[in-house]
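Presented below is the structure to which this report refers.
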Amino acid sequence: MIADATVGSILVSYEPSDTDAGELLLAIASRARLVVVDREPGEAAARGVFAATRVLDGLILDASGGRFGLGVVFPTALGLGSIASLLLSPHPFAPRWDNLLWWGMQAFRALNEDQRPPAGTNADRG
């Protein structure tokens, strides 16, 4: 943690997968003697979803020997679903293949943002 009294700021660096941000915020507020407003009721449900997602990611990482996690499996499933929808689905209510492919690509980019090289580097050019 880095504090700057001249501007009244605090920079806290933490690992999101190891630390609950809400608990960290409560600890900082308590230490600074700040009043904390009660959390919204939906926040507990969201934490449960994130916790379940972390467990599922861990299970996938364990099963693959650490080669890939949910950030690869989920977009791949959407991509395979797009191919199946294109080739096999006569059902009019099935998601269109191009929609599934687009969402798969967007999910992959979002879930693997930390793996992308900075823009303008040679890694962008292959």
Side-chain angles (χ1 to χ4, degrees):
M1 183 166 81
I2 302 169
D4 186 348
T6 58
V7 294
S9 66
I10 298 173
L11 173 64
V12 178
S13 178
Y14 68 98
E15 179 59 43
S17 62
D18 296 334
T19 308
D20 179 74
E23 290 177 15
L24 179 62
L25 199 56
L26 288 173
I28 293 169
S30 172
R31 181 83 177 199
R33 297 186 189 108
L34 298 173
V35 176
V36 178
V37 179
D38 287 338
R39 296 179 180 188
E40 294 181 28
E43 200 171 308
R47 276 199 312 269
V49 170
F50 282 114
T53 303
R54 281 192 296 270
V55 168
L56 181 58
D57 188 39
L59 291 172
I60 293 170
L61 282 167
D62 289 345
S64 70
R67 289 186 302 270
F68 50 84
L70 197 54
V72 172
V73 171
F74 178 69
T76 300
L78 287 175
L80 292 173
S82 74
I83 294 169
S85 177
L86 174 65
L87 300 176
L88 307 173
S89 180
H91 198 282
F93 297 111
R96 285 184 27 178
W97 71 270
D98 54 334
N99 289 339
L100 287 172
L101 183 61
W102 188 86
W103 282 110
M105 293 299 296
Q106 294 305 315
F108 182 81
R109 290 182 65 201
L111 294 171
N112 296 286
E113 186 69 33
D114 59 334
Q115 304 292 325
R116 294 177 64 196
T121 64
N122 287 335
D124 283 347
R125 296 179 188 91

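From a predicted model like this one, the values you see are computed outputs, not experimental measurements.
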[atom1]/[X] to [atom2]/[Y] distance, rounded to the nearest 0.5 angstrom?
X: Ser30; Y: Leu25; atom1: OG; atom2: CG; value: 11.5 Å
X: Leu59; Y: Leu70; atom1: CG; atom2: CG; value: 10.5 Å
X: Leu80; Y: Leu100; atom1: CG; atom2: CG; value: 10.5 Å

Treat each ILVMFWY residue as a node, draw an edge where side-chain heavy atoms are under 4.5 Å apart, and state whether [X] and [Y] are in one component.
X: Ile83; Y: Met105; answer: no
X: Val55; Y: Val73; answer: no
X: Leu61; Y: Phe68; answer: no

- Task: Can you see which heavy atom on Gly104 is nearest to which on Pro75, and at what distance?
- Result: O-CB, 3.2 Å
- Query: So, for Tyr14 and Thr19, which heavy atoms are closest and what is the spacing to 0.1 Å?
  - Reply: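 Closest approach of Tyr14 to Thr19: CD1-CB, 3.8 Å.
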- Query: Looking only at atom types and distance, does a side-chain atom of Ser82 sit under 3.5 Å from a main-chain N or O of Gly79, one as donor and one as acceptor?
  - Reply: yes
